[in-house]
There are 2 protein chains.
Amino acid sequence: MNPYQSPILMVDSVVMQLANDALQVLLIKRANQPFQGMYALPGGYIVAGETTVSSHERILRSKAGIEKQLLRLVEQLYTFDTVAGDPRGHGVSVTYMGLGLDIIPTFGGETQQPEFFAVNALPQLAYDHAEIIAYAHERLKSKVNYTNAVYALLPVYFTLTQLQTAYEAILCRPLDKRNFRKKFLSLDLIHETNEYQRDGAHRPARLFCFNSARLERSPRSFD
Amino acid sequence: MNPYQSPILMVDSVVMQLANDALQVLLIKRANQPFQGMYALPGGYIVAGETTVSSHERILRSKAGIEKQLLRLVEQLYTFDTVAGDPRGHGVSVTYMGLGLDIIPTFGGETQQPEFFAVNALPQLAYDHAEIIAYAHERLKSKVNYTNAVYALLPVYFTLTQLQTAYEAILCRPLDKRNFRKKFLSLDLIHETNEYQRDGAHRPARLFCFNSARLERSPRSFD
DNA sequence: GCAAAAGTGTTCCAGATACACCCATGA
DNA sequence: TCATGGGTGTATCTGGAACACTTTTGC
């Protein structure tokens with residue numbers, strides 16, 4: 001490939017959600033060369049008239065059937081120069097992270113069935129996508145420490161146990177129940193409701209709700 | 001301008017250094033429309049065969065006579081879609097922050113003389129460059145809290161007072177001398193030397209040195 | 001009554017903050 | 001000897017970590 005052409009503009013997307021007490025990331029098995037048969041992040045070229053944001057939305061819709069409303073938080077991660085390892089040659093890839101809940105990817109017509117994989121049990125990945133996912137995971141770990149970003153991964157009403165489980169899945173370590181509750185409640189990011197969740201032979205759990213469904217920075221950091 | 005063309009790839013650069021106990025940023029007075037006569041960050045188009053990194057280096061060299069070795073720390077900031085306020089139309093701008101010391105910008109041939117301005121006393125800026133500078137400043141504020149990033153703004157040998165002054169200029173607030181020293185020394189990012197700086201009618205100041213001239217993350221955060 | 005998850009407080013320790021005086025030098 | 005910036009220690013407070021039992025429910 002001619003090394004003296006303008007860089008190609010691409011977008012790659014790290015879509016994450018929680019399932020089975022684990023943080024999962026959306027991957028697509030590549031149908032074509034290069035990296036045929038390996039898994040990759042959904043991504044594609046920016047076409048005429050698109051911003052990176054609108055391109056990101058189009059790519060998720062066309063490759064995984066994910067409408068933009070499903071992603072409750074979208075954040076730009078980093079822009080990579082992909083000169084070396086990328087067989088397509090010289091390109092610039094803008095990466096975004098999208099967080100949601102109960103996302104069911106569908107066959108987009110252009111690709112094989114997209115699937116979610118636990119971030120701790122990824123298959124072999126094409127390009128440098130393993131690093132991009134690791135970067136997204138790090139970003140999320142640090143974001144949940146000083147923002148309400150978890151709201152994007154949880155239902156509107158949730159129990160403190162669900163909240164703690166979400167943090168444990170993101171941070172990949174167990175947290176103390178009493179300290180977690182004391183600390184999180186002191187951040188003033190959530191408020192209790194008068195509703196309870198009854199789901200088994202045990203005491204019902206009070207449901208809580210985030211004060212804001214937009215990203216807010218907490219004055220104090222969490223961890 | 002035709003809204004249905006591919007986005008133009010650009011690079012903008014926030015070059016910062018310390019002078020007169022203030023954090024300064026490099027600006028160029030625009031010679032041409034749009035925003036003729038206003039100040040702007042050095043920036044330009046990515047041309048054939050360039051990565052964003054090499055484009056950044058070329059633009060600083062050609063517009064401000066700054067060689068890449070002068071920037072002791074370069075970090076990518078964010079990639080902006082510049083659809084709205086930008087009269088050039090639809091573009092994507094990758095922004096970098098570069099930190100250095102004793103940088104003397106020179107006329108690059110293509111532009112008017114570049115100058116450093118204190119970040120707290122900026123002139124009116126073209127495009128959304130005021131926001132980009134604010135973003136860079138925020139990034140730097142948070143970076144110096146958990147990394148050794150200040151090394152890039154200080155000489156190799158420096159006194160603790162110089163170090164504290166640098167932190168005060170970056171964080172825009174005064175710090176307690178005894179607490180600052182105790183805290184910073186406990187981070188194990190610097191070591192003392194046997195050299196002293198003599199510069200006036202007062203006790204000489206011991207010179208210190210960073211353990212690493214690469215970006216290192218301190219295990220504990222500073223503030 | 002028993003299994004299962006919800007809910008709740010205290011003690012201890014480390015790190016943050018506040019604060020004022022003596023030291024070494026050059027003029 | 002004096003003016004100037006360099007250098008140092010303690011007391012207090014706040015937030016983090018560790019830790020175990022009672023409550024409410026469904027079966």
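Order of the sequence lines sets the chain letters (A, B, ...), proteins ahead of strands, with each chain counted from 1. For the numbers below, each heavy atom of this structure counts, side chains included, while hydrogens, waters and symmetry mates do not.
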**Complete:** note: A:Leu185, atom CG; D:dG15, atom C1'; distance rounded to Å ~ 16 Å
**Item:** Audit row: A:Glu115, A:Lys29, salt bridge (charged side-chain N to carboxylate O under 4.0 Å, His left out) steps and yes/no
**Value:** CA-CA 8 Å; A:Glu115 289 172 67; A:Lys29 193 179 223 169; over 6 Å; no
**Request:** Take the protein atom OH of A:Tyr196 and the nucleotide atom C1' of C:dA5, then report the distance between them rounded to whole Å.
**Result:** 15 Å
**Request:** Quickly work out the A:Leu187 CG to D:dG15 P distance and round it to whole Å.
**Result:** 12 Å
**Rounded interatomic separation in angstrom, taking CG from B:Leu160 and C1' from C:dC23** = 16 Å
**Message:** At 4.0 Å (heavy atoms only), tell me whether B:Thr159 reaches a base, stays on the sugar-phosphate, or touches nothing.
**Reply:** nothing
**Asked** What's the CZ-C1' distance between B:Phe184 and C:dG15, to the nearest Å?
**Response** 17 Å
**Fill in**
Which of B:Tyr151, B:Phe158, B:Phe208 passes side-chain contact (heavy atoms from CB on, under 4.5 Å) with B:Leu163? It is B:Phe158
**Item:** Nearest atoms (heavy-atom pairs only) where B:Thr159 meets B:Gln162
**Value:** N-OE1, 2.9 Å
**Item:** Distance, rounded to the nearest Å, where B:Phe180 contributes CZ and C:dA16 contributes C1'
**Value:** 15 Å
**Request:** Mind checking the CG-CG spacing from B:Leu140 to B:Leu171? Nearest 0.5 Å is all I need.
**Result:** 8.0 Å
**Request:** Could you check how far CD of A:Gln164 sits from P of C:dT8, rounded to whole Å?
**Result:** 14 Å
**Asked** Taking atom C1' of D:dG5 as reference, at what distance in whole Å does atom CG of B:Asp21 sit?
**Response** 14 Å
**Asked** salt bridge (charged side-chain N to carboxylate O under 4.0 Å, His left out) between B:Arg61 and B:Glu67: does it pass, once the steps are laid out?
**Response** CA-CA 5 Å; B:Arg61 195 182 330 109; B:Glu67 293 296 327; 3.7 Å; yes
**Item:** Check ion pair B:Arg173-B:Glu168 (N to O, under 4.0 angstrom)
**Value:** no
**Complete:** Given protein heavy atoms under 4.0 Å, the one-letter contact record of nucleotides 17-27 of chain D, with B base, S sugar-phosphate only and - none, is simply BBBB--BBBB-
**Distance test, side-chain N/O of B:Thr161 to OP1/OP2 of D:dG6, below 4.0 Å** = yes
**Request:** Look at the rings of A:His56 and A:Tyr96 and say which category their plane angle falls in: under 30° parallel, 30 to 60° tilted, over 60° perpendicular.
**Result:** parallel
**Message:** By the 4.0 Å heavy-atom rule, please label B:Arg206 as base, sugar-phosphate, or nothing.
**Reply:** sugar-phosphate
